[in-house]
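Below is one structure; the comments refer to it alone.
Order of appearance sets the numbers: ligands from 1, and atoms from 1 within every ligand. Heavy-atom basis, side chains included; hydrogens, waters and symmetry copies ignored. One-based numbering along the sequence shown. Every value quoted in this text rests on a predicted model; they were computed, and no experiment measured them.
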Amino acid sequence: MKKEITVNSSDTKSAREKDYSRYFVAPNLKEAKKRGKEDIQVVQFDGIDEELKNLGRGKTFLMRTYGCQANEHDSETISGILGRMGYTPTEEENEADIILFNTCAIRENAEDKVFGELGRLKHLKKEKPDLVLGVCGCMSQEEAVVNRILKSYPHVDLIFGTHNIHRLPVLLKDALYSKEMVVEVWSKEGDVVENMPKVRQNGLKAWVNIMYGCDKFCTYCIVPYTRGKERSRRPEDVIAEVRDLARQGYKEITLLGQNVNAYGKDFTDIEYGFGDLMDAIRQIDIPRVRFTTSHPRDFDDHLIEVLAKKGNLVEHIHLPVQSGNSEVLKKMARKYTREQYLELVRKIKEAIPDVVLTTDIIVGFPGETEEQFKDTLSLVEEVGFDSAYTFIYSPRHGTPAAVMEDDVSAAEKKDRLQRLMDVVNRLSREKNEALRGQVVEVLVEGESKNNPDVLAGRTRTNKLVHFTGPKEYIGTFIHVKIIEPQTWTLKGEVVTKVEV
Ligand code: 5AD
Ligand code: SF4
């Protein structure tokens with residue numbers, strides 16, 4: 001059960017209600033689904049109160065991040081805020097004064113992992129009652145999750161939502177002093193908050209949000225509920241951030257949004273879309289620019305035209321298809337057919353002949369027949385993706401697909417996933433094989449994970465390359481000849497250093 005809220009001396013009914021609402025604002029899926037017409041305000045992060053600035057002096061925090069780049073980037077913001085409060089990061093669970101889980105709700109197994117971790121930490125919290133255990137990110141936006149934590153994980157101290165990150169300083173203070181579970185999750189998105197502090201994890205590659213939320217409501221997906229309605233950042237704010245990253249020496253940026261192709265559609269005062277933004281960023285002196293994720297539905301000709309200008313705009317497009325069958329796509333509410341997707345791919349390939357396409361695919365959507373699944377296999381072959389993220393459909397409470405009739409057995413779904421992965425891996429191997437003997441430009445990111453004598457980097461098309469070379473190459477661009485292509489990596493040898 002929910003913890004009782006203790007209210008101090010002014011324990012009148014109104015004070016209790018006031019304090020209660022301060023400590024306990026829980027999510028509501030119905031509210032989260034609403035899409036209001038009101039304009040989005042852009043507000044500046046109002047900093048951190050003097051009294052909170054030293055709250056974390058001499059103390060440490062540990063962040064565990066699950067899920068997509070949006071979460072990774074949110075964790076950078078959370079780290080930035082905690083840093084401003086005096087906290088320093090640690091990887092040592094036993095040392096940490098705060099342990100925060102930035103969670104993902106996209107599939108059930110992502111959630112199971114977090115519940116497992118929360119359960120595991122029960123004894124640590126018992127040993128260290130002053131430890132603040134927090135949950136944020138997409139899971140905290142789900143009613144069912146918050147209820148489960150309240151009921152079964154009462155040792156959690158703080159739950160805050162994806163729209164409440166800027167409120168962290170106050171919430172943390174409440175969590176520290178109230179000793180009660182502090183829950184603040186706004187179901188409805190708030191404003192676009194600019195100028196939040198950030199501690200970027202990587203000195204070479206940076207994520208830049210261009211928009212928040214999603215209005216697509218694909219029937220299987222929880223994101224429109226956990227991330228709210230589409231809100232674009234103003235172009236001048238995005239451009240200023242990219243310019244600043246370029247000045248700081250970053251080599252690559254990835255523009256982030258759940259559906260970047262909808263960028264700007266919410267502006268009421270200017271006509272400005274994703275193609276326009278890319279055209280502006282193309283002219284900034286930063287060597288590589290990527291974006292993720294695109295929705296095929298909004299991928300327009302202007303954008304293709306701009307991407308074809310190349311330069312710092314890399315020839316890699318992640319274009320989730322989800323299924324190769326038009327009926328399944330309709331049930332998914334993707335709002336395009338197999339033929340329309342293939343036509344888009346044709347146009348992209350015509351404009352950018354060396355483009356590398358990657359995708360996301362779901363198998364075992366409710367009621368998917370063997371024939372429909374085979375359409376996915378044939379589409380994968382027809383497009384010739386270089387790689388794909390493949391998933392078994394996972395029902396998400398509150399989404400339309402979760403109540404659709406499903407007569408496909410779990411074993412059948414697993415089998416389909418395997419068959420799909422076999423095709424995807426074969427294609428990856430073939431695509432990589434075609435690079436044998438070719439010279440590619442690589443941004444050297446560091447030592448290889450498994451062998452410190454080997455360096456690792458990525459091509460413009462985001463393929464991982466391993467090679468031997470001096471450590472001074474880290475952070476620079478070099479030309480590498482591909483000697484031994486494999487399914488997931490390319491082994492090569494250095495040809496020259498590139499000045500970019
Ligand atoms: N089940 C399985 N996969 C899903 N995805 C989104 N929702 C679900 C779900 N309920 C996949 C989609 C999406 C990727 C980020 O995760 O393929 O593109
Ligand atoms: Fe989910 Fe569809 Fe939005 Fe992507 S476009 S986040 S799959 S609802």
Side-chain angles (χ1 to χ4, degrees), residues 29 32-33 35 66-72 103-112 137-139 141-142 144-145 162 189 209-232 254 256-263 265-266 274 291-299 317-325 328-336 341 344 357-368 373 376 379-380 385 387-404 406 408 410 413-414 416-417 420-421 424:
L29 276 185
K33 199 174 171 180
R35 290 295 184 262
Y66 299 81
C68 66
Q69 290 97 333
N71 260 17
E72 294 282 350
T103 61
C104 169
I106 202 101
R107 283 170 293 274
E108 195 177 355
N109 57 3
E111 297 198 348
D112 289 346
C138 285
M139 277 172 72
Q141 294 290 142
E142 293 179 282
V145 167
T162 57
E189 65 290 329
N209 282 322
I210 63 165
M211 61 182 302
Y212 305 96
C214 181
D215 288 348
K216 280 282 178 279
F217 287 101
C218 300
T219 54
Y220 51 81
C221 187
I222 194 76
V223 170
Y225 307 82
T226 62
R227 292 264 169 190
K229 84 169 179 182
E230 286 172 356
R231 292 149 289 148
S232 303
T254 303
L256 289 183
Q258 302 301 334
N259 168 16
V260 290
N261 304 79
Y263 176 78
K265 290 189 193 295
D266 54 316
F274 187 51
F291 58 93
T292 196
T293 282
S294 328
H295 193 296
R297 162 91 183 183
D298 299 319
F299 210 109
I317 301 174
H318 186 67
L319 195 62
V321 66
Q322 313 299 358
S323 165
N325 176 273
V328 175
L329 288 169
K330 191 161 190 203
K331 278 173 77 178
M332 289 175 161
R334 290 291 289 178
K335 302 187 181 77
Y336 55 84
Y341 184 89
L344 174 62
L357 294 171
T358 56
T359 199
D360 292 347
I361 299 168
I362 298 175
V363 301
F365 187 76
E368 181 192 61
F373 167 67
T376 296
L379 180 132
V380 168
F385 294 110
S387 68
Y389 294 106
T390 53
F391 311 102
I392 291 181
Y393 166 71
S394 169
R396 304 285 66 215
H397 181 71
T399 61
V403 290
M404 288 181 190
D406 191 4
V408 191
K413 292 185 185 200
K414 248 179 133 174
R416 284 182 195 168
L417 181 70
L420 175 61
M421 280 163 56
V424 167

Output yes when a side-chain donor or acceptor of Asn71 lies under 3.5 Å from a complementary backbone atom of Tyr66, and no otherwise. yes

At a 4.0 angstrom heavy-atom cut-off, what protein residues surround ligand 1? Ile106, Arg107, Tyr220, Gln322, Asp360, Ile362, Phe391, Ile392, Tyr393, Ser394, Arg396

Option among Arg35, Lys229, Lys265 that satisfies the salt bridge (charged side-chain N to carboxylate O under 4.0 Å, His left out) test with Asp215: Arg35

Backbone of Met211 reached by a side-chain donor or acceptor of Asn209 within 3.5 Å: no

What orientation do Phe299 and Phe291 show, parallel under 30°, tilted 30 to 60°, or perpendicular over 60°? tilted

Side-chain contact, heavy-atom cut-off 4.5 Å: Thr254 with Gln69? no

Heavy-atom side-chain contact between Ile317 and Ser294 under 4.5 Å: yes

Counting only protein N, O or S atoms (no waters) closer than 2.8 Å to atom 1 (Fe) of ligand 2 gives 1

Sub-4.0 Å heavy-atom contact, Arg227 with ligand 2: no

With rounding to the nearest 0.5 Å, note down the distance linking CZ in Arg334 to OH in Tyr341. 9.0 Å

So, do Gln141 and Tyr225 sit near enough that their side-chain heavy atoms are less than 4.5 Å apart? no

For Ile361 against Ala388, the heavy-atom pair lying closest together: CD1-CB, 4.3 Å

Near His295 (heavy-atom distance under 4.0 Å), the atoms of ligand 2 are 5 (S)

Between Glu108 and Arg396, which heavy-atom pair has the shortest distance, and what is it? CA-NH2, 3.4 Å

